[in-house]
Amino acid sequence: MAVVVWVVEGTWPACVDAARAHAPEGAEVVLLHVTGHDVADAAHGAFAGLLGRGHPERDPGTRVEHLAAASAESLLQAAAERLGRPCTRVERTGRVEREVVAATEGADLLVLARDGDRARLGPHSLGPASRFVVDHAACPLLLVWPEPAPGLTTMPPPPPNHR
């Protein structure tokens with residue numbers, strides 16, 4: 001069994017704990033972190049547009065890329081330690097939702113956490129990237145709450161004239 005665990009800042013402990021609890025012993029566990037390209041691209045663009053192209057060594061986008069890589073490595077290391085069993089750590093860069101979906105090819109399970117409004121039950125508990133992944137993943141999903149789930153009283157009311 002191949003299990004992909006989507007490691008995201010702020011919600012990763014719940015995903016790792018769910019993988020530890022639900023992935024059978026001997027399962028191939030992949031800890032996946034995706035760094036979006038948008039922040040570094042914006043820094044590269046701002047530098048090129050505002051400050052010129054004469055000094056590439058001053059391009060802040062390169063520094064942002066290095067900081068993101070170091071942060072991702074640190075996060076994946078912490079996740080591997082929490083998992084406490086053999087795993088593979090994978091860092092990808094690109095459009096986050098598409099990279100996660102691509103990483104599910106051939107997987108038997110994807111573990112991800114809700115990343116939207118977690119104060120109440122309902123569809124808004126998924127952010128845009130997670131919604132895309134839920135809709136397009138090439139394998140079954142285990143969707144977890146990063147903290148205890150809100151009570152049933154937080155569920156939106158039914159639409160008018162609903163039976």
Side-chain angles (χ1 to χ4, degrees), residues 1-43 64-159 162:
M1 174 177 221
V3 177
V4 176
V5 181
W6 185 11
V7 175
V8 178
E9 292 82 356
T11 62
W12 67 267
C15 293
V16 171
D17 292 348
R20 212 173 50 224
H22 298 289
E25 283 299 320
E28 176 189 339
V29 177
V30 175
L31 300 175
L32 170 70
H33 181 272
V34 181
T35 300
H37 57 75
D38 47 349
V39 175
D41 285 354
V64 169
E65 288 170 347
H66 291 202
L67 289 170
S71 176
E73 178 56 34
S74 175
L75 196 61
L76 287 169
Q77 177 64 35
E81 289 171 8
R82 187 175 184 114
L83 183 63
R85 64 192 218 191
C87 63
T88 303
R89 293 181 277 182
V90 174
E91 168 61 22
R92 296 175 81 141
T93 303
R95 289 208 43 186
V96 174
E97 63 276 12
R98 292 191 175 273
E99 292 297 325
V100 173
V101 169
T104 66
E105 185 176 5
D108 298 300
L109 181 67
L110 171 65
V111 181
L112 71 155
R114 294 177 182 273
D115 61 348
D117 179 3
R118 297 189 303 261
R120 64 181 68 76
L121 298 173
H124 296 291
S125 67
L126 291 176
S130 293
R131 170 54 59 195
F132 184 92
V133 170
V134 166
D135 290 343
H136 296 89
C139 66
L141 306 166
L142 175 56
L143 181 60
V144 300
W145 287 91
E147 62 271 330
L152 293 178
T153 59
T154 66
M155 199 168 15
H162 180 74

Rounded to the nearest 0.5 Å, what separation is found between the [atom1] atom of [X] and the [atom2] atom of [Y]?
X: Thr104; Y: Leu32; atom1: OG1; atom2: CG; answer: 9.5 Å
X: Leu31; Y: Thr88; atom1: CG; atom2: OG1; answer: 8.0 Å
X: Leu110; Y: Leu143; atom1: CG; atom2: CG; answer: 9.5 Å
X: Met1; Y: Cys139; atom1: CE; atom2: SG; answer: 9.0 Å

Test: salt bridge (charged side-chain N to carboxylate O under 4.0 Å, His left out). Region: [range]. Which pairs qualify, not counting sequence neighbours?
range: residues 75-89; result: Asp17-Arg82, Glu25-Arg85, Glu73-Arg89
range: residues 98-114; result: Arg92-Glu99
range: residues 133-155; result: Arg118-Glu147, Arg131-Asp135

Ignoring hydrogens and angles, tell me if any N or O in the side chain of Asp117 forms a donor-acceptor pair with the backbone of His124 under 3.5 Å.
no
Thr35 (side chain) donor-acceptor with Thr93 (main chain) under 3.5 angstrom
no
With sequence neighbours left out, write down each residue that passes ring-ring contact (aromatic ring centres under 6.0 Å, His included) with His22, or none if nothing qualifies.
none
Can you give each donor-acceptor pair under 3.5 Å made by side-chain atoms of residues 2-16, sequence neighbours left out, with the distance rounded to 0.1 Å?
{"unit_1": "Glu9", "atom_1": "OE2", "unit_2": "His33", "atom_2": "NE2", "d": "3.1"}

Provide the full list of side-chain hydrogen bond (donor to acceptor under 3.5 Å, both in side chains) pairs with a residue in residues 137-146, sequence neighbours left out, each pair given once.
none
Over all heavy atoms of both residues, which pair between [X] and [Y] is shortest? Give the atoms and the distance, please.
X: Pro150; Y: Thr154; value: CB-OG1, 3.6 Å
X: Gly122; Y: Ser125; value: O-OG, 2.9 Å
X: Val101; Y: Val133; value: CG2-CA, 4.0 Å

